Participant: 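One structure, pasted below without further comment.
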Amino acid sequence: MKDIYEDFDRAVCLRGEGRAKKETQWLKVVYGFNEPQLPNNVSSPNFSRIFATNTTAFELLVLKRKIMGPCWLQIKNPQVDNKGVSCTRTIVNHRENIREIVCATARIWSNIDIDDPTPPEALPCTVRTFVRPLDRFPPNFEVRASGNGKGLISPMKNERMLLNSLLVTIHRADPDVIVGHEFLGVSLDVLLHRMRELKADHWSRIGRFRRSRWPPIGRQGTNLRFLSGRLLGDLASDGAKDMITSTTWSLTEMCKTHLKSDRQDIDPDDTASYFDGGVSSPERLLTFVRHCELDAHYQMALAAKVQILPLTRQLTNLAGNSWNKTLNGGRAERNEYILLHEFHRLKYVCPDKLWGKKSAVAAKAENEDGDAEGGKTTKGKRDKYKGGLVFEPKRGLWDKYILVMDFNSLYPSIIQEYNIDFTTVESVEVDADGEEKIPEPPSSEVPQGVLPRLIATLVNRRRQVKSLMKDKKATPAQLLQWDIKQMALKLTANSMYGCLGFEYSRFYARPLAALTTFKGREILTHTRELAESMQLDVVYGDTDSVFVNSNVTELAEALKISAEFKKAVNDRYKLLEIDLDGIFQRLLLLQKKKYAAVKVEDGSRTSTEVKGLDMKRREYCVLSKTVSQYVLEQILSGEATEAVVERIHEYLTTIGEDVRGGKIKLDEFIIFKRLGKNPEDYPDAKSQPHVQVALRMKARGLTARAGDVIPYVFCIGEGGETAKTAQADRAKHPDEVRRSSDELKIDYEHYLAHQILPPIERLCEPIEGTDRARLAECLGLDPNRYRSAAESEERYFGTLDSLMSDAERFKDAEPFLVRCRSCRGQVAFAPISDRESSLLLPSGPACPACQSALGTASLQVQLETQIRGHIAKYYESWTVCDDPTCGNRTRMMGVYGRRCLRQGCRGTVAFEYSDATLYNQLRFYLSLFDAEKAVKTSTGSKADEVKALVDLQGDFLRTMAATAEKYLNQSGRRWVQLSTLFSFMKM
DNA sequence: ATGGTAGGGGAAGCTG
DNA sequence: CAGCTTCCCCTAC
């Protein structure tokens with residue numbers, strides 16, 4: 001062994017099991033990679049511990065040479081020649097479930113400057129598609145192919161020739177970057193297997209490392225090494241998914257949202273039909289080829305649009321890792337490298353990389369937990385320490401200005417503010433319960449640690465870049481570049497905390513992570529207390545934010561309050577800073593992490609902000625989201641509850657009809673769900689719809705792997721009846737439904753009951769004047785099935801109610817007062833069965849005082865006026881608190897929340913003139929004109945008399961009843977025994 | 001192979 | 001069978 005001895009006198013930077021912490025003497029030994037690797041657990045009387053025996057050559061090179069990301073190395077005259085290539089291949093599944101390649105497009109851009117904001121379509125490129133027949137080409141295909149516009153189409157005899165030609169093209173273009181969609185996970189996998197199977201010539205030219213013998217092909221998605229020398233930008237890689245906002249990351253969806261292009265989807269099962277050689281025209285196959293050409297373009301256009309290459313390069317320059325890892329891997333490695341560089345520069349010995357193992361600290365903690373918790377099943381995803389604090393929201397609809405105040409990048413700031421670092425925080429002892437205590441932050445004399453300084457540098461650099469961006473002379477290209485740079489700096493600073501708590505991280509330091517979040521909780525609590533000490537109500541808050549109710553309706557006043565509060569908070573910290581993040585004009589607060597608000601933009605403009613609601617989630621179909629959107633708009637509109645509730649009910653009725661009437665397109669019913677693991681790995685696949693669909697996709701030769709987002713639609717089960725069969729069996733892929741041409745029917749009832757009703761119900765929960773059963777009824781669902789436990793009590797009263805006598809039921813109802821136009825007298829309209837007092841005579845209504853006839857129209861108007869009076873009273877919305885010690889009576893318009901708003905009161909408010917009171921009043925009016933009931937409640941000779949009366953005065957009674965009923969229908973509670981109440985109307 | 005925790009909500013399965 | 005737990009997924013920070 002060739003030994004080089006050097007003095008080396010710095011400490012190991014990590015604490016924990018088996019690791020020295022104090023500064024000690026170390027001996028550095030350097031030897032070649034041709035020597036065997038030493039085991040890392042050796043020791044001798046002369047030394048106790050050995051480090052860095054398994055360090056990779058890449059790590060050494062990059063650290064020693066201080067290489068921070070992509071740069072030119074002085075090896076030879078470098079060639080300044082960037083090339084990008086974009087590849088797609090469309091694959092058909094065949095007999096035996098083997099995927100073969102039928103078509104491949106190479107779209108090649110030469111000499112691209114990745115910082116040039118010019119979109120790819122404005123840059124020159126060459127397109128070449130290789131296509132081979134399944135059996136034979138359609139007639140005239142070759143001729144038409146040679147005349148294809150811009151893109152060169154090369155018909156190939158067979159798959160092997162296709163692969164060979166593709167390899168030649170790649171070799172000639174020698175691209176630095178390959179851009180694709182699902183390339184690593186799907187295309188490359190098929191390519192490699194087919195190249196090996198068919199013995200393609202010079203297969204290794206797919207990368208830049210020449211090989212003659214095939215190394216083993218690894219698992220799907222792990223074969224990046226075959227592309228050595230080239231960068232791979234895969235739009236569906238985890239790295240790219242972080243940068244692209246999308247629900248499914250399907251090419252079609254991303255084209256729509258990011259390029260505003262309408263990409264046609266091809267059902268993979270139809271691929272074979274495009275290649276049918278028996279047809280008379282080559283048109284269909286040409287369409288397919290052009291689809292591939294276009295896809296290749298889309299992929300490059302998307303990559304350019306989301307700036308994948310410039311951003312990953314900046315990130316890589318900051319971290320000093322390998323660009324390809326930034327493009328295709330997670331954040332952990334970037335974090336690892338930035339710390340490696342930092343600690344190496346300061347001459348610390350870093351912890352070893354533990355391949356495929358948890359860090360020693362993590363493993364140790366697990367053992368202790370195992371002992372402590374005994375029988376508890378050790379699940380991999382168990383929380384290891386406490387995180388952010390979330391306040392219990394004060395639920396309801398708020399209509400005073402709400403100030404959203406939040407701390408700017410809380411965790412990075414905390415790490416700086418409290419100097420939290422590997423080198424500064426003393427290690428913690430484990431207490432009796434096996435619980436790790438939260439360490440103390442270092443005293444203010446302790447010099448700044450490595451991590452806080454690193455974050456400070458990143459933050460300062462970002463500030464500098466942002467100030468550059470204020471320069472008015474900056475070109476758009478410069479602005480874009482700076483924007484990417486500041487973004488990269490922010491992302492890097494923010495990802496430091498996450499990796500402290502990551503058990504597989506080389507720099508895993510749970511106590512530091514726990515201390516950071518602990519300080520976060522402490523700060524948030526103090527912030528709320530400060531607000532309360534300033535007589536400000538904190539309505540909600542999550543981790544780094546507080547929602548302060550300004551309790552004013554003037555924007556200027558609200559801003560003043562926010563400025564005062566901001567100053568008060570910021571005076572308490574050195575670095576940490578709270579700021580106004582936004583002002584809400586109205587806020588519908590439903591649950592922790594679930595709210596919607598009308599946000600005040602600059603000037604008088606507003607926008608709607610939705611967080612966490614069902615309509616933001618991918619497992620709710622477009623139809624459900626549309627309905628939620630409408631309902632939310634109504635609730636946030638600020639209009640009278642009466643109108644809002646009525647519009648919602650009407651809208652839901654229409655939706656129910658449209659859905660059942662088949663007026664909604666299939667696309668609007670698609671639900672998405674991500675596979676958490678590979679479909680085979682689910683212990684109980686039966687119970688999960690998306691797993692079932694994924695398994696069927698795989699059976700047909702398509703791919704469905706962990707992380708994929710699966711689309712599906714609920715259909716009516718085999719038996720025909722909805723919800724008979726297990727839910728999961730009724731989920732079908734949209735392509736299956738389309739192909740089945742009417743075989744499979746969408747289960748509309750399921751959608752109404754599970755996709756539309758629950759989100760709406762949650763939105764309307766704090767709104768008076770409607771409830772679950774009422775909403776269900778509007779959608780055409782059986783309201784009785786949707787009475788919750790809380791409401792069943794109400795229903796119980798309802799049942800009792802129907803057994804009650806009218807006298808009992810309507811004892812609190814106000815009478816219908818009839819005014820006579822002749823004698824100006826006023827009298828109550830008594831029940832018609834009360835023959836002594838009733839003013840209804842066989843000849844018609846007449847004034848009991850002066851005997852003048854009373855006109856039907858006049859009585860109708862009088863009734864309507866009185867009904868409107870009651871409705872108005874209801875909508876005055878006086879609310880009273882049920883807490884007797886409070887007794888707060890207010891008329892807070894627009895606040896439908898059920899919580900008493902008086903400071904410190906925990907009571908619930910209810911409307912003084914409730915919907916039930918109004919409803920009962922309306923029913924009373926209706927009962928006055930209820931002919932059937934009048935007959936039924938009369939006995940003996942009186943019965944005949946009443947019967948004769950209602951026969952003669954049927955028209956009058958019906959007119960009056962209709963008037964009352966019109967309002968009853970609007971009252972929002974008509975579902976109560978509607979059928980029995982109005983059965984007489986249906987004669 | 002590889003950032004964290006908090007939290008709501010649905011479905012299925014267990015249990016007294 | 002109601003009420004509970006467990007698993008799974010998604011989202012907010």
Side-chain angles (χ1 to χ4, degrees), chain A residues 218-222 224 238-239 242 247 325 328-336 353-359 362 376-377 379-393 406-407 409-411 491-492 494-510 512-514 516-518 520-521 524 540-545 581 590-595 609-620 671-678 681-691 705-707 709-710 723 726-728 731 753-755 758-759 761-762 789:
Chain A
R219 282 202 333 280
Q220 224 179 335
T222 63
L224 197 59
D238 288 335
D242 289 343
T247 44
K325 288 287 173 85
N328 296 292
R331 273 170 285 203
E333 205 187 63
R334 275 193 341 253
N335 196 77
E336 178 182 326
K353 182 96 187 156
L354 296 160
W355 299 99
K357 269 182 282 178
K358 287 178 191 178
S359 81
K376 242 187 188 166
T377 43
K379 270 267 82 189
K381 269 308 279 175
R382 182 176 79 265
D383 302 337
K384 295 172 289 287
Y385 59 93
K386 284 194 146 185
L389 177 63
V390 187
F391 294 144
E392 198 56 48
D406 77 356
F407 286 97
S409 33
L410 182 70
Y411 289 162
L491 286 173
T492 306
N494 284 341
S495 68
M496 304 303 293
Y497 152 73
C499 294
L500 289 179
F502 175 42
E503 60 185 348
Y504 295 99
S505 166
R506 200 156 156 187
F507 293 92
Y508 181 46
R510 185 169 58 171
L512 299 189
T516 307
T517 57
F518 173 79
R521 291 191 296 277
L524 196 66
Y540 179 62
D542 184 345
T543 309
D544 63 352
S545 67
D581 186 56
L590 295 178
Q591 294 279 22
K592 284 181 173 179
K593 299 185 189 287
K594 287 176 193 250
Y595 59 89
E609 194 167 291
V610 176
K611 296 283 180 183
L613 302 187
D614 300 318
M615 56 193 282
K616 291 271 277 190
R617 300 170 67 95
R618 64 161 81 98
E619 76 250 44
Y620 285 89
I671 296 166
F672 297 95
K673 206 169 263 184
R674 208 179 72 102
L675 287 170
K677 32 183 174 257
N678 286 325
D681 297 341
Y682 282 86
D684 190 14
K686 272 204 292 291
S687 63
Q688 262 120 327
H690 64 305
V691 179
R705 293 173 305 133
V709 178
I710 307 294
Q727 200 188 65
H754 293 89
Q755 282 266 310
E761 187 196 328
R762 285 190 275 270

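Quick note on labels: first sequence line is chain A, next is B, and so on, each numbered from 1. Side-chain atoms are counted along with the backbone in the values below, which use heavy atoms only and exclude waters and symmetry mates. Note that the coordinates shown come from a computational prediction; the quantities given were computed from them, not determined experimentally.
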Participant: Taking OP1 and OP2 of B:dG9, is either one under 4.0 Å from a side-chain nitrogen or oxygen of A:Q591?
Facilitator: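 So the side chain of A:Q591 is within the cut-off, an N or O lying under 4.0 Å from OP1 or OP2 of B:dG9.
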
Participant: What integer number of Å spans the P atoms of B:dT2 and C:dC13?
Facilitator: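 Rounded to whole Å, the distance is 27 Å.
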
Participant: Using atom CD of A:E336 as one end and atom P of B:dA1 as the other, report the distance to the nearest whole Å.
Facilitator: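 Taking CD of A:E336 and P of B:dA1, I get 15 Å after rounding.
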
Participant: NZ of A:K325: more than 12 outside heavy atoms within 6.0 angstrom?
Facilitator: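 Counting neighbours around NZ of A:K325, 12 or fewer heavy atoms of other residues, nucleotides or ligands fall under 6.0 Å, so no.
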
Participant: Between B:dT2, B:dA12, C:dC8, spot the one nearest the side chain of A:K353, thanks.
Facilitator: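 Closest of the options to the side chain of A:K353: B:dT2.
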
Participant: What's A:A513 touching, base or sugar-phosphate or nothing? Going by heavy atoms closer than 4.0 Å.
Facilitator: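 If one applies the 4.0 Å heavy-atom cut-off, A:A513 turns out to touch nothing in the nucleic acid.
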
Participant: Angle between the end axes of the helix from B:dG4-C:dC13 to B:dG16-C:dC1, five pairs per end, to the nearest 10 degrees?
Facilitator: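 Here the local axes at opposite ends form an angle of 20°.
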
Participant: How would you label the contact of A:Y682 with the nucleic acid (heavy atoms, under 4.0 Å): base, sugar-phosphate, or nothing?
Facilitator: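 Sugar-phosphate contact only - A:Y682 comes under 4.0 Å of backbone atoms but never of a base.
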
Participant: So which nucleotide from C:dC10, B:dT5, B:dG7 ends up closest to the side chain of A:K593?
Facilitator: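 Shortest atom-to-atom distance from the side chain points to B:dG7.
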
Participant: I'd like to check A:Y620 versus A:M615 (side-chain heavy atoms, cut-off strictly below 4.5 Å). Are they in contact?
Facilitator: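 No, every pair of side-chain atoms sits at 4.5 Å or beyond.
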
Participant: Between A:K677 and C:dC8, is there a contact of a side-chain N or O with OP1 or OP2 at under 4.0 Å?
Facilitator: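 So the side chain of A:K677 is within the cut-off, an N or O lying under 4.0 Å from OP1 or OP2 of C:dC8.
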
Participant: Return the CD to CZ distance between A:E336 and A:R506, rounded to the nearest 0.5 Å.
Facilitator: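 Nearest 0.5 Å value for the CD-CZ distance: 4.5 Å.
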
Participant: Indicate the atoms forming the closest heavy-atom contact of A:H690 with A:L675, along with that distance.
Facilitator: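 Taking every non-hydrogen atom into account, CD2-CD2, 3.7 Å.
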
Participant: From the list C:dC10, B:dT2, B:dT5, which nucleotide is the closest neighbour of the side chain of A:Y385?
Facilitator: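 Nearest nucleotide to the side chain: B:dT5.
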
Participant: Across the strands shown, which category fits A:G498 at heavy-atom distances under 4.0 angstrom: base, sugar-phosphate, nothing?
Facilitator: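 Here A:G498 touches the bases of the nucleic acid.
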
Participant: Whole-Å distance between B:dT5 P and A:Y411 OH?
Facilitator: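 Taking atom P of B:dT5 as the reference, OH of A:Y411 is at 11 Å.
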
Participant: Which of the following nucleotides, B:dG10, B:dG7, B:dT5, is nearest to the side chain of A:V390?
Facilitator: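 Out of B:dG10, B:dG7, B:dT5, the nucleotide with an atom closest to A:V390's side chain is B:dG7.
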
Participant: Assess whether atom NZ of A:K386 is packed by more than 12 heavy atoms of other residues, nucleotides or ligands within 6.0 Å.
Facilitator: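 Not buried by this count: 12 neighbours or fewer within 6.0 Å.
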
Participant: What pair of heavy atoms forms the shortest contact from A:A753 to A:P758, and how long is it?
Facilitator: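 Looks like O-CD, 3.2 Å.
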
Participant: Once you apply a heavy-atom cut-off of 4.0 Å, does A:F407 come out as touching a base, just sugar-phosphate, or nothing?
Facilitator: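 No contact.
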
Participant: To the side chain of A:Y595, which of C:dT11, C:dA12, B:dA11 is closest?
Facilitator: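 Output: C:dA12.
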
Participant: To the side chain of A:K673, which of C:dC13, C:dC9, B:dG8 is closest?
Facilitator: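 Nearest to the side-chain atoms of A:K673, counting from C-beta on, is C:dC9.
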
Participant: Expected output is a numbered-order residue list: members of residues 610-617 of chain A with a heavy atom under 4.0 Å from any atom of DNA chain B. What is it?
Facilitator: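 Hits under 4.0 Å, by residue number: A:R617.
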
Participant: Base, sugar-phosphate, or nothing for A:D684, non-hydrogen atoms under 4.0 angstrom?
Facilitator: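 A:D684: backbone/sugar contact only, no base atoms under 4.0 Å.
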
Participant: From the set C:dC10, B:dG4, B:dA12, return the single nucleotide nearest to any side-chain atom of A:E619.
Facilitator: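 When the side chain of A:E619 is considered, C:dC10 is the closest of C:dC10, B:dG4, B:dA12.
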
Participant: Could you give the CZ-to-P distance, from A:R521 to C:dC13, as a whole number of Å?
Facilitator: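 A:R521 atom CZ is separated from C:dC13 atom P by 18 Å.
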
Participant: Suppose we screen for side chain to side chain donor-acceptor pair (under 3.5 Å). Which residues come up paired with A:T247, at least two apart in sequence or across chains?
Facilitator: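 A:T247: side chain to side chain donor-acceptor pair (under 3.5 Å) contacts with A:E253.
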
Participant: Once you apply a heavy-atom cut-off of 4.0 Å, does A:T517 come out as touching a base, just sugar-phosphate, or nothing?
Facilitator: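 A:T517: no heavy atom of the nucleic acid under 4.0 Å.
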
Participant: Can you tell me the distance, in whole Å, between the CD atom of A:Q727 and the C1' atom of B:dA12?
Facilitator: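 Interatomic distance, CD of A:Q727 to C1' of B:dA12: 10 Å.
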
Participant: Identify, with sequence neighbours excluded, every residue that meets side-chain contact (heavy atoms from CB on, under 4.5 Å) alongside A:D684.
Facilitator: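 With sequence neighbours excluded, A:D684 shows a side-chain contact (heavy atoms from CB on, under 4.5 Å) to A:K686, A:S687, given in chain and number order.
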
Participant: Taking atom P of B:dA1 as reference, at what distance in whole Å does atom NZ of A:K325 sit?
Facilitator: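 Value for this atom pair: 10 Å.
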
Participant: NA contact type, A:K386, heavy-atom cut-off 4.0 Å: base, sugar-phosphate, or nothing?
Facilitator: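 Sugar-phosphate, backbone atoms only, no base.
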
Participant: With A:Y595, which residues qualify under ring pair (Phe, Tyr, Trp, His ring centres under 6.0 Å), at least two apart?
Facilitator: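 Checked A:Y595 against ring pair (Phe, Tyr, Trp, His ring centres under 6.0 Å); matches are A:Y540, A:F547.
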
Participant: Checking all strands, does A:D238 fall into the base, sugar-phosphate, or nothing category for heavy-atom contacts under 4.0 angstrom?
Facilitator: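 Touches sugar-phosphate only.
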
Participant: Base, sugar-phosphate, or nothing: which does A:S687 touch, judged by heavy atoms less than 4.0 Å apart?
Facilitator: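 Here A:S687 touches the backbone only, sparing every base.
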
Participant: Once side chain to side chain donor-acceptor pair (under 3.5 Å) is applied, do any residues pair with A:E619, and if so which ones, sequence neighbours excluded?
Facilitator: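 Residues passing side chain to side chain donor-acceptor pair (under 3.5 Å) with A:E619: A:R617.
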
Participant: Return the value, rounded to whole Å, for the distance between atom CD of A:E609 and atom P of C:dA12.
Facilitator: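 Interatomic distance, CD of A:E609 to P of C:dA12: 10 Å.
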
Participant: Respond yes when some side-chain nitrogen or oxygen of A:R705 is under 4.0 Å from OP1 or OP2 of B:dA1, and no when none is.
Facilitator: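 For A:R705, the contact criterion (side-chain N or O under 4.0 Å from OP1 or OP2 of B:dA1) is not met.
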
Participant: Could you tell me if the side chain of A:Q727 sits less than 4.5 Å from the side chain of A:P689, heavy atoms only?
Facilitator: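 They are in contact (side-chain heavy atoms under 4.5 Å apart), so the answer is yes.
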
Participant: With respect to the phosphate group of B:dT2, does any side-chain polar atom (N or O) of A:R331 fall under 4.0 Å of OP1 or OP2?
Facilitator: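 No.
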
Participant: Check the distance between B:dT2's P and A:K384's NZ and give it to me in whole angstrom.
Facilitator: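 Going from A:K384 (NZ) to B:dT2 (P), I get 16 Å.
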
Participant: So, is A:H690 close to the C:dC9 phosphate, meaning a side-chain N or O under 4.0 Å from OP1 or OP2?
Facilitator: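 Yes, A:H690 has a side-chain N/O under 4.0 Å of OP1/OP2 on C:dC9.
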
Participant: Whole angstroms only, please: what is the CD-C1' distance between A:Q688 and B:dG9?
Facilitator: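 Taking atom C1' of B:dG9 as the reference, CD of A:Q688 is at 14 Å.
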
Participant: With rounding to the nearest 0.5 Å, note down the distance linking CZ in A:R521 to OG1 in A:T543.
Facilitator: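 The OG1 atom of A:T543 is 10.0 Å from CZ of A:R521, to the nearest 0.5 Å.
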
